[in-house]
Amino acid sequence: MSAHTIRVAVLGAGGRMGSEAVKAVESAEDMELVAALGRSDSFQQAIDSGATHVVDLTVPDATVDNVHGAVANGLHSVVGTTGWDASRLEALRGLLEEHPEAGVLIAPNFALGSVLASAFAAKAAQYFESAEIVELHHPNKVDAPSGTAVRTAELMAGARQAAGVGPSPDATQQEVEGARGADIDGIRVHSVRLRGLVAHQEVLLGSAGEQLTFRHDSFDRASFMPGVLLGLRTVAQRPGLTHGLDGYLDLGL
Ligand SMILES: NC(=O)C1=CN([C@@H]2O[C@H](COP(=O)(O)OP(=O)(O)OC[C@H]3O[C@@H](n4cnc5c(N)ncnc54)[C@H](OP(=O)(O)O)[C@@H]3O)[C@@H](O)[C@H]2O)C=CC1
Ligand SMILES: O=C(O)C1=N[C@H](C(=O)O)C[C@H](O)C1
């Protein structure tokens, strides 16, 4: 082990994503897995293990305490767990001001193709009258809409607002509750849960006589691991909060 080895504690190590992350870290020559922790372990074990970095792949109820614990103890964090709404991000920014050396990456999606699809969709959203999102996931997922869909909608809505684009046209007057999906900053998001799926998303953009669709499919959780490793290799050089793996990429959009 060299002085530059990234010493990683994986939180949520027994989960679908956490178990993949354990394998990915173990396979990386510049990393050492120093702790693989689950619900019944304490965060103190990550500190005691000598970790320099944590990967959080737990649940929305646990991730805030984990990341605050890491920042307060000078550890860098790579976070894939969902649930980081505006108030949680604001509180984290406040804590990071007190610990300016710590780096945190909150990545709604680690798959490069998904990050690109969301960035392309945000860029294109201002040129179309209508914009909606369909996200499709495995039925064991506990949150809806997906964190990726929420972030994509926020990026698209921001771009449309900056360009002065009005709301998507919609004549609905009578609705069975939920039929038009969730409203995220004015973008309708529809969530499908289906056995056999992993993680999929379609952004639908429409104008008179045409449609542009951005679709991304993760067929296997291996698709997320290059992004997790990129996050671990970069986060220490990016103190403060980075929201989205696109912050570590040169997309030039
Ligand atoms: N950013 C990205 O690219 C991706 C993000 N995700 C997100 O990652 C999160 C995890 O997803 P997934 O792996 O499918 O979920 P799982 O339910 O398979 O795994 C979650 C794990 O977290 C554990 N856990 C719960 N509470 C704690 C705690 N306090 N401390 C440590 N571990 C805890 C659970 O343990 P137990 O089994 O005992 O309950 C479980 O092993 C979700 O928010 C999901 O949306 C998922 C895929 C990709
Ligand atoms: O729970 C999942 O599986 C996934 N969660 C993340 C999300 O909510 O966006 C990322 C990916 O979609 C898989």
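Keep in mind the model is a prediction, meaning the values are calculated, not measured. Counting starts at 1 for both ligands and their atoms, in listed order.
Among the atoms of Arg221, none of the N or O lies under 3.5 angstrom from an N or O of ligand 2. The shortest N/O to N/O separation between Lys141 and ligand 2 falls below 3.5 Å. Ligand 2 has a nitrogen or oxygen under 3.5 angstrom from a nitrogen or oxygen of Gly147.
For ligand 1, the atoms closer than 4.0 angstrom to any heavy atom of Asn109 are 1 (N), 2 (C), 3 (O). Less than 4.0 angstrom separates some heavy atom of Asn109 from each of these atoms of ligand 2: 10 (C), 11 (C), 12 (O). The contact set between ligand 1 and Gly14, taken as ligand atoms under 4.0 Å from a residue heavy atom, comprises 41 (O). Each of the following atoms of ligand 2 lies closer than 4.0 Å to a heavy atom of Thr82: 7 (C), 8 (O). Taking a cut-off of under 4.0 Å to the non-hydrogen atoms of Val59, the atoms of ligand 1 that pass are 25 (C), 26 (N).
Atom CH2 of Trp84 is separated from atom CG of Leu89 by 7.0 Å, given to the nearest 0.5 angstrom.
Counting protein heavy atoms only, atom 10 (C) of ligand 1 is closest to Thr58 O, 3.2 Å. Remark: minimum distance from atom 19 (O) of ligand 1 to any protein heavy atom is reached at Gly15 CA, 3.4 Å. When hydrogens are left out, the protein atom nearest atom 9 (O) of ligand 2 is Thr148 OG1, 2.5 Å; that is the closest non-hydrogen contact. Scanning all protein heavy atoms for the shortest distance to atom 29 (N) of ligand 1 gives Ala62 CB, 3.2 Å. At the top of the distance list for atom 5 (C) of ligand 1, counting protein heavy atoms only, stands Gly80 O, 3.1 Å. When only non-hydrogen protein atoms are considered, atom 27 (C) of ligand 1 lies nearest to Arg39 CA, 3.7 Å. At the shortest separation from atom 3 (O) of ligand 1 among protein heavy atoms lies Phe110 N, 2.7 Å. At the shortest separation from atom 43 (O) of ligand 1 among protein heavy atoms lies Thr82 OG1, 2.8 Å. Considering only non-hydrogen protein atoms, atom 14 (O) of ligand 1 sits nearest to Arg16 NE, 3.0 Å.
Other residues, nucleotides and ligands place more than 12 heavy atoms under 6.0 Å from the CD atom of Gln211. Annotation for Glu97: atom CD does not count as buried by contact number, only 12 or fewer foreign heavy atoms lying within 6.0 Å. The number of heavy-atom neighbours closer than 6.0 Å to CD of Gln161, taken from other residues, nucleotides and ligands shown, is 12 or below.
Between Lys23 and Glu20, at least one side-chain N (NZ, or NE/NH1/NH2) sits under 4.0 Å from a carboxylate O, which counts as a salt bridge. By the 4.0 Å N-to-carboxylate-O rule, Arg188 lies too far from Glu132 to be salt-bridged with it. Look at Arg215 and Asp217 and you find a salt bridge, because one of the NZ, NE, NH1 or NH2 atoms lies within 4.0 Å of a carboxylate O, short of that distance.
Contacts with ligand 2 closer than 4.0 Å are made by side-chain heavy atoms of His137 only, the backbone lying farther away. Of all the heavy atoms of His138, the ones lying under 4.0 Å from any atom of ligand 2 belong exclusively to the side chain. Counting heavy atoms closer than 4.0 Å to ligand 1, residue Lys141 contributes side-chain atoms (C-beta onward) but none from N, CA, C or O. By the criterion of a heavy-atom distance under 4.0 Å, the backbone of Pro108, and not its side chain, is placed next to ligand 1. The backbone and the side chain of Ser146 each have at least one atom closer than 4.0 Å to an atom of ligand 2 (non-hydrogen atoms only).
Contact detail for Asp143 and Pro145: the closest heavy-atom pair is OD2-O, 3.9 Å.
Around atom 48 (C) of ligand 1, the closest heavy atom drawn from Arg151, Met17, His137 belongs to Met17. Distances from atom 10 (C) of ligand 2 to the heavy atoms of Pro108, Ala199, Ser218 show the closest one on Pro108.
None of His190, Arg193, Lys141 except one satisfies the side-chain hydrogen bond (donor to acceptor under 3.5 Å, both in side chains) rule with Glu135; the exception is Arg193.
Counted by atom type alone, Thr152 and Gln201 present one or more donor-acceptor pairs between their side chains at under 3.5 Å. Ser130 and Ser168 share no donor-acceptor pair across their side chains, judged by distance under 3.5 Å alone.
When side chains are defined from C-beta on, His137 does not count as touching Ser191, because their heavy atoms never get closer than 4.5 Å. Residues Phe110 and Val115 are not in side-chain contact: their nearest non-hydrogen atoms beyond the backbone lie 4.5 Å or more apart.
For atom 37 (O) of ligand 1, no protein non-hydrogen atom is found at a distance below 4.0 Å.
Using the six-membered ring where Trp is involved, Phe214 and Phe120 have ring planes that are tilted, between 30° and 60° apart.
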